[in-house]
Amino acid sequence: MTTFEQIAPQLEHQAIEVPSWAYGNSGTRFKVFGSPGTPRTVEEKIDDAAAVHRFTGLAPKVALHIPWDMVDDFAALARYAQDAGIEIGTINSNTFQDEDYKLGGLTHHDPAVRQKAIDHHLQCIEIMGATGSQDLKIWLADGSNYPGQADMRARQDRLADSLQQIYAQLSGDQRLVLEYKIFEPSFYHTDVPDWGTALVHVQALGERAVVCLDTGHHAPSTNVEFIVTQLLRVGKLGSFDFNSRFYADDDLIVGSADPFQLFRILFEVIRGGGYGPDSDVAFMLDQCHNIEKKIPGQIRSVLNVQEMTARALLVDREALAAAQQAGDVLSAHQIFMDAFYTDVRADLAAWRESRGLPGDPMGAYAASGYQEKIEADRVGGTQMSW
Ligand code: RM4
Ligand code: MN
């Protein structure tokens, strides 16, 4: 049996990037509910992200979405984040909210619209230079609703060309991270619907192009951990967008819908070398908190990832390999499940306290007065992520 003491040192390596859009107002197609304490500025979103890090020690970076998080001076914003105790992480592009992008962006048949989408990414790369961000994350809403509407093949060719132009502008160790999603907003075809398509494109680009796996972006019953295994195997897993889903892209709190799936994913991450100081797989959250309080929603989320990482680290891999080698199906399964069923909450609380963090970050946040303060101070906050 592997013990908590044995795995504890590895918990030090955990860093989970939080999305700025988790702190702004968000909703469904039906309604965006405003919530008291909504940030009025990008800086206030950074304050909230920094609060998550203060209470958990787990969230040293915040990802930005452009143009939602547009400011005049990104170098100043990066300094603001540093003063708050965190850093600016991934820059996410957005080609899904401008009128021009109705029929696509990087795949568009009109060269002028496609150029506009490419230029937007070049602007994102400039921002990365100012903020010191490493990753440019691209999720495309591109696709079509009706058979015959679009030339799917030509769109793939245009996409490859657009990505090539963007990739060529990256410098140093900056990466292009391509995210896939099965459907929505397009309902017939999507231009980057799956990991295979994403992989084909990033492989054509080169070494610094990798895939983002958003856990909510697959068909029901997809074996997501298998995708993790394969992408790690070929060195192309760049990052995760963690969240939970019951139906489609629900963006609920990671680990809330299917904790066992999160465990299986994290086991494959660890087994495949995707966790630890030598790995450059970025762990990110991509969530919205439509009805619950946002900051505690984020605290809960990073704690869920930490808890499941600890349990996945507890798998006795030597014993597991021996049972697999012996063809002992039930012993192998039991070794795996023993780790999943281990309750690590008390050990994690003690471990946090030993590092000067609150043992119960949810309770500590509730008692801190931060929520009451932002609800009183930020009257009229309208920062939106939609
Ligand atoms: C997309 C995708 C992207 C995220 C946007 C807001 O569905 O998951 O990662 O940036 O939503
Ligand atoms: Mn995502």
Sequence neighbours excluded, the answer for side-chain contact (heavy atoms from CB on, under 4.5 Å) partners of A366 is none
The remaining residues in the hydrophobic cluster of L252, counting side-chain heavy-atom contacts under 4.5 Å among Ile, Leu, Val, Met, Phe, Trp and Tyr, are F246, Y247
According to ring-ring contact (aromatic ring centres under 6.0 Å, His included), who are the partners of H218, at least two apart in sequence or on a separate chain?
Y180
For residues 274-299, the salt bridge (Lys or Arg N to Asp or Glu O under 4.0 Å) pairs (sequence neighbours left out) are R175-D280
The ring-ring contact (aromatic ring centres under 6.0 Å, His included) partners of F263 (sequence neighbours excluded) come to F336, F340
Apart from L103 itself, members of its ILVMFWY cluster (side-chain separation under 4.5 Å) are none
May I have all residue pairs that pass salt bridge (Lys or Arg N to Asp or Glu O under 4.0 Å) and include part of residues 258-267, sequence neighbours excluded?
E225-R264
List, by chain and then residue number, the residues other than F183 in its hydrophobic cluster (Ile/Leu/Val/Met/Phe/Trp/Tyr, side-chain heavy atoms under 4.5 Å); write none if there are no others.
I182, F187
Once side-chain hydrogen bond (donor to acceptor under 3.5 Å, both in side chains) is applied, what residue pairs with a partner in residues 323-333 remain, sequence neighbours excluded?
D328-S331
Partner residues of F55 under the ring-ring contact (aromatic ring centres under 6.0 Å, His included) criterion, sequence neighbours left out
Y365
Please name all residues satisfying side-chain contact (heavy atoms from CB on, under 4.5 Å) with P185, sequence neighbours left out, ordered by chain then number.
W139, A141
What residues join V329 in its hydrophobic cluster, counting side-chain heavy atom gaps under 4.5 Å, either direct or through other members?
none
